[in-house]
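The next block holds one structure in the form of structure tokens; read it before the comments.
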Amino acid sequence: MSVDSLFKDAHTKTILAPMAGYTDFAFREICHDYGVGLTVTEMVSSKALVMNSELSRKMLFRLKGDSPAFCQIFGHEPDVMADSVQIDEIKQYDGVDINMGCPVRKIVSNGDGSALLENPSLASKCIYSVKNALGDKLLSVKFRLGVSDSLGVVDFAKMCKDSGADFITVHFRTRRQMYSGVADFSLLEDIAQTGIPVFANGDITTRQQYLELLNRGAYGVAVGRGAVGRPYIFAQLADRPYGMDVYNTIERHAAELSKVFVDRIVCNELKKHVAFYLKGKRNAKNVIVSCNSAKTTKQILNTVADYFKDNPQFAQIVG
């Protein structure tokens with residue numbers, strides 16, 4: 001499979017960027033409804049998968065409407081990472097993405113995520129090993145501009161290509177920035193000139209930004225935080241009409257999660273999403289607070305339903 005064939009049926013070359021705690025299987029399927037080209041799972045530890053972690057394997061549950069989709073793994077041991085992509089839960093995905101950009105301390109301190117930006121040689125071995133284990137399936141790598149500056153990002157992109165990656169996603173922030181400040185796309189053209197397809201990630205919220213980044217050499221874009229609570233952003237980027245019933249979307253999200261997780265987990269996972277589904281709506285702040293203190297999914301749904309009964313003007317989003 002080629003990158004072009006992966007996106008041949010998509011209206012836009014867009015990716016739902018992987019986000020721990022947010023890109024669960026229910027949300028990925030919802031984003032596909034609005035035309036995203038590719039979704040990616042929450043990052044999963046390759047070592048945990050090899051050690052047969054039940055929770056890690058549950059995180060790889062996939063709905064029929066989530067296609068195409070990649071699984072994102074993290075790790076720093078080439079052999080372990082290669083072994084992990086051969087388990088059945090990962091084989092069901094259309095490809096694999098390696099996380100080399102996570103800036104969270106506990107991930108970095110273990111040598112994973114963006115720690116690999118400081119060890120290109122090891123990063124190369126990880127990419128090469130996973131690609132060999134995948135066979136004909138596509139491999140992508142997601143990483144940041146660098147640790148504290150962007151001096152080595154072009155070389156890192158070239159290394160990914162030379163090691164076997166089929167495409168890359170670059171979050172145009174450094175590790176030091178975490179999620180603050182603004183994304184700096186000034187090196188996009190230089191990265192694109194390495195010859196590997198580049199998906200630009202960071203602060204993308206409009207079709208104009210999408211088109212500008214394509215004109216500057218990006219193959220496509222990856223949207224993360226801009227999609228949480230707003231899965232219809234992918235229809236906006238494609239300039240296609242859309243509509244979303246907010247309560248029905250929240251109810252569906254809960255129902256899908258309930259297929260795999262007990263209610264306590266569904267309830268806690270749903271709280272994060274509800275805060276974004278209701279973000280910016282008048283009189284919603286107290287509703288979000290009430291949902292955050294809920295003990296059951298039913299309590300959350302009842303609270304949200306009552307809100308929309310009192311505020312029907314916010315129940316539908318149409319574009």
Side-chain angles (χ1 to χ4, degrees), residues 15-33 36 38-77 80-104 106-108 110 112-114 126 130 133-134 137-142 169 171 201 222-225 227-229 231 250 252-276 297:
I15 296 175
L16 172 64
M19 293 173 288
Y22 289 97
T23 51
D24 54 65
F25 59 86
F27 187 63
R28 298 197 307 270
E29 184 182 55
I30 290 169
C31 287
H32 271 296
D33 287 350
V36 66
L38 174 71
T39 61
V40 186
T41 70
E42 302 171 72
M43 67 177 190
V44 182
S45 166
S46 56
K47 177 169 281 189
L49 289 172
V50 170
M51 294 178 68
N52 202 29
S53 162
E54 181 180 358
L55 178 58
S56 295
R57 290 182 178 238
K58 277 188 175 181
M59 288 173 64
L60 297 181
F61 181 80
R62 182 181 181 186
L63 294 167
K64 291 181 179 179
D66 181 26
S67 183
F70 275 26
C71 167
Q72 188 186 70
I73 61 171
F74 70 92
H76 64 274
E77 299 166 285
V80 173
M81 296 175 75
D83 288 343
S84 73
V85 301
Q86 297 183 63
I87 70 168
D88 290 340
E89 285 85 350
I90 289 187
K91 284 183 177 180
Q92 68 178 315
Y93 284 89
D94 303 284
V96 168
D97 181 70
I98 301 178
N99 183 306
M100 295 189 178
C102 180
V104 177
K106 69 177 182 179
I107 298 295
V108 174
N110 197 44
D112 304 327
S114 61
C126 292
V130 172
L134 281 177
K137 289 191 175 181
L138 296 179
L139 173 66
S140 61
V141 181
K142 189 172 190 288
T169 299
H171 185 158
N201 177 221
V223 181
R225 289 178 293 170
V228 183
I250 293 172
R252 172 188 173 189
H253 202 138
E256 298 289 16
L257 289 176
S258 297
K259 293 179 178 179
V260 174
F261 299 110
V262 297
D263 192 71
R264 174 181 57 82
I265 295 177
V266 175
C267 179
N268 289 333
E269 291 300 308
L270 197 61
K271 290 175 183 179
K272 297 177 289 186
H273 286 281
V274 167
F276 282 95
T297 301

| said: Strictly distance-based, threshold 3.5 Å: is any side-chain N or O of Asp66 a donor or acceptor partner for the main-chain N or O of Thr39? | reply: no
| Gap separating the CG atom of Asp33 from the CD1 atom of Ile30, nearest 0.5 angstrom | 7.5 Å
| Distance-only donor-acceptor check, side chains Thr169 and Asn201, under 3.5 Å | no
| said: For a side-chain contact (heavy atoms from CB on, under 4.5 Å) check, start with the C-alpha distance between Ile90 and Ile87, then their side-chain angles and the critical distance, and finish with the verdict. | reply: CA-CA 6 Å; Ile90 289 187; Ile87 70 168; 4.1 Å; yes
| message | Could you walk me through whether Asp97 and Lys142 satisfy the salt bridge (charged side-chain N to carboxylate O under 4.0 Å, His left out) test, starting with their C-alpha distance in whole Å, then the side-chain angles of each, then the deciding distance to 0.1 Å, before giving a yes or no? | response | CA-CA 7 Å; Asp97 181 70; Lys142 189 172 190 288; over 6 Å; no
| message | Just verifying a value: how many Å separate Phe61 CZ and Leu257 CG, rounded to the nearest 0.5 Å? | response | 10.0 Å
| said: Any salt bridge linking Asp112 with Lys106? Criterion: basic side-chain nitrogen under 4.0 Å from a carboxylate oxygen. | reply: no
| request: Look only at the side chain of Ser46 and the backbone of Ile73, and say whether a donor-acceptor pair between them is shorter than 3.5 Å. | output: no
| query | Under 3.5 Å, side chain of Glu29 to main-chain N/O of Glu256, donor-acceptor pair present? | reply | no
| task | Give, for atom OG of Ser84 and atom CZ of Phe74, the distance between the pair rounded to the nearest 0.5 Å. | result | 10.5 Å
| task | Looking only at non-hydrogen atoms, find the nearest pair between Phe27 and Pro231 and report the distance. | result | CE1-CB, 4.2 Å
| query | Got a donor-acceptor contact below 3.5 angstrom from the Glu42 side chain to the Gly21 backbone? | reply | yes
| said: Taking Pro68's backbone N and O only, do any of them form a donor-acceptor pair with His32's side chain (distance below 3.5 Å, no angle check)? | reply: yes
| request: Answer yes or no: is there a side-chain heavy-atom contact under 4.5 Å between Val50 and Met81? | output: no
| task | Step by step, work out the side-chain contact (heavy atoms from CB on, under 4.5 Å) result for Cys102 and Met43. | result | CA-CA 9 Å; Cys102 180; Met43 67 177 190; 3.7 Å; yes
| query | What's the spacing between Ser140 OG and Ile15 CD1 if we round to 0.5 Å? | reply | 6.5 Å
| query | Are any of the side-chain nitrogens in Arg57 or Glu54 under 4.0 Å away from the carboxylate oxygens of its partner? | reply | no
| field | Ionic contact status for Asp94 with Arg62, cut-off 4.0 Å | value | yes
| query | Among all residues two or more places apart in sequence or in another chain, which pass the side chain to side chain contact (heavy atoms under 4.5 Å, CB included) test with Met19? | reply | Leu16, Tyr22, Thr23, Arg225, Val228
| note | CG (Asn99) and SG (Cys126) are apart, to the nearest 0.5 Å, by 11.5 Å
| task | Determine yes or no for a side-chain-to-main-chain donor-acceptor pair under 3.5 angstrom, with Gln86 supplying the side chain and Ala82 the backbone. | result | yes
| query | For Lys272 and Asp24, what are the C-alpha separation, side-chain angles and deciding distance, and is it a salt bridge (charged side-chain N to carboxylate O under 4.0 Å, His left out)? | reply | CA-CA 12 Å; Lys272 297 177 289 186; Asp24 54 65; over 6 Å; no
| request: First locate atom NZ of Lys137, then atom NZ of Lys91, and finally report the distance between them rounded to the nearest 0.5 Å. | output: 8.5 Å
| Derivation of the side-chain contact (heavy atoms from CB on, under 4.5 Å) call for Val260 and Phe25 | CA-CA 10 Å; Val260 174; Phe25 59 86; 3.7 Å; yes
| query | Judged by atom type as modelled, is there a donor-acceptor pair below 3.5 Å linking the side chain of Glu269 to the main-chain atoms of Val266? | reply | no
| task | Under the side-chain contact (heavy atoms from CB on, under 4.5 Å) rule, what do Val36 and Arg28 come out as? Steps first, then yes or no, please. | result | CA-CA 9 Å; Val36 66; Arg28 298 197 307 270; over 6 Å; no
| How about Phe70 and Tyr93: are their ring centroids closer than 6.0 Å? | no
| message | Can you list everything that forms a side chain to side chain contact (heavy atoms under 4.5 Å, CB included) with Ser56? Sequence neighbours excluded, please. | response | Val44, Ala48, Leu49, Ser53
